[in-house]
Protein chains: 2
Amino acid sequence: MMLPMARAATTSDVFNAIAEPQRREILLLLRAGERPVTELAQELGMTQPGASKHLRVLREVGLVRDRKAGKQRLYGLDARGLRPVHEWTGGFERFWNESFDRLDAYVQDLKQARQEE
Amino acid sequence: MMLPMARAATTSDVFNAIAEPQRREILLLLRAGERPVTELAQELGMTQPGASKHLRVLREVGLVRDRKAGKQRLYGLDARGLRPVHEWTGGFERFWNESFDRLDAYVQDLKQARQEE
DNA sequence: GCATCATATGCCGATATCGGAATGCGTCAA
DNA sequence: TTGACGCATTCCGATATCGGCATATGATGC
């Protein structure tokens, strides 16, 4: 028997990990340097467990690393995992430049179709 | 009363739309030019309804556009929506270059800490 | 030890997601 | 008109996801 499958686990894929807006916010903040969990939660207006859970996902895909500092745990950025995403989207760069005329023609078609309604 | 919210709808966000591996495959294929649904489904080894559903998501975030061609419906790439993703990840470029020494230092710390156990 | 602060984890409910299968709808050709 | 083709939509079941809340774990200091 074949059981149905759902979406791939977020923890296995960087694309999925950064699909969450709050996780993207965390990564942006961490560009300024390491931060403890509570500080992140406070600055982003989320609860401490919420921040911890997002950080766990980010850690599992390797986008952040953590370091014990006394009573606290400092999270820091490891942006290397973002490079494949950058390169993947970069593979489309010539398409979002090259195709302006084709797109313009398409937009004209839309306008015309709308007037004919 | 406050009802809980789940993940943001995939149709509202390009990041979410490209979180799906099969949707990324579709986009890659469309770089070679417009294709009808059945051809996409066949080349990617998925069912026709499966392809249609993924194409619908991609259309709703604006990454593909469709055009009627007789009995068929041709899907074409509109890569402009990928540009924000490229730029967002690009904002981390200096971190996946610059931080090699910091990462080295971090690895050294780990080794040292391990020896002190 | 005990209290306290910082963080992680577990459980829950609501919803989103994905694949499969069946079916609906539109278009073309005979 | 009827059939065949191409594609979209719908329903379904299993699972993933996210937020909130309570609670466990862990480290520090007294």
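A, B, ... follow the sequence lines: proteins, then strands. Residue 1 opens every chain. What you are looking at is a predicted structure, and each value in this text was computed from that prediction instead of being measured.
- Put simply, T38(A) has a side-chain N or O that comes within less than 4.0 Å of OP1 or OP2 on dT7(C).
- Residue-level contact check: S52(B) touches the bases, meaning some heavy atom is under 4.0 Å from a base atom.
- Separating the CG atom of L74(B) from the P atom of dC5(D) is a distance of 19 Å, rounded to the nearest angstrom.
- Exactly one residue among L77(A), I18(A), V57(A) makes a side-chain contact (heavy atoms from CB on, under 4.5 Å) with L63(A). That residue is I18(A).
- With hydrogens and angles ignored, no donor-acceptor pair closer than 3.5 Å exists between the side chain of Q72(A) and the base of dA27(D).
- K68(B) comes within 4.0 angstrom of the backbone, heavy atoms only, and of no base.
- Between G76(A) and L30(A), the shortest heavy-atom contact is C-CD1, 4.2 Å.
- Using cut-offs of 30° and 60° for the angle between ring planes, the H86(A) and H86(B) rings count as parallel.
- Contact annotation: Y75(A) reaches the phosphate of dA8(C) (side-chain N/O to OP1 or OP2, under 4.0 Å).
- Between P36(B) and T47(A), the residue whose closest nucleotide on DNA chain D is further toward the 5' end is P36(B).
- Mapped onto DNA chain D by nearest heavy atom, M46(A) and K71(A) fall at different nucleotides, with M46(A) at the one closer to the 5' end.
- You'll find a donor-acceptor pair under 3.5 Å spanning the side chain of Q48(B) and the base of dA8(D), going by distance alone.
- A donor-acceptor contact closer than 3.5 angstrom is absent between the side chains of Q42(A) and T38(A).
- Between the CG atom of L40(A) and the C1' atom of dA6(C) there is a distance of 13 Å, rounded to whole Å.
- As a whole-Å value, the separation of R35(B) CZ from dG6(D) P is 16 Å.
- Nearest heavy-atom pair across A19(A) and D13(B) is O-OD2, 3.9 Å.
- Proximity of R56(A) to the phosphate of dA8(C): no side-chain N or O atom is located under 4.0 Å from OP1 or OP2.
- The distance between atom CD1 of I26(A) and atom P of dT7(C), rounded to the nearest whole Å, is 13 Å.
- The interatomic distance linking D66(B) (CG) with dG6(D) (C1') rounds to 14 Å, in whole Å.
- Each of dG19(D), dC5(C), dT9(D) was ranked by its minimum atom distance to the side chain of H54(A); first place goes to dG19(D).
- Between Q22(A) and dG19(D), a side-chain N or O to OP1/OP2 separation shorter than 4.0 Å is present.
- Straight-line distance from the CZ atom of R67(B) to the P atom of dA8(D): 14 Å, rounded to whole Å.
- Distance CG (L44(B)) to P (dG19(C)): 12 Å, rounded to an integer number of Å.
- Across all non-hydrogen atoms, the minimal contact from Q72(B) to P36(B) is OE1-CB, 2.9 Å.
- Summarising the geometry, the separation between CG on N16(B) and C1' on dA16(C) is reported as 10 Å, rounded to the nearest angstrom.
- P49(B) comes within contact range of at least one nucleobase, with a heavy-atom separation under 4.0 Å.
- Side-chain to base pairing of K53(B) with dG20(C): one donor and one acceptor N or O lie within less than 3.5 Å of each other.
- Side-chain atoms of R59(A) lie closest to dA8(C) of the nucleotides dC7(D), dA8(C), dT28(D).
- For R73(B), no side-chain nitrogen or oxygen approaches OP1 or OP2 of dT27(C) to under 4.0 Å.
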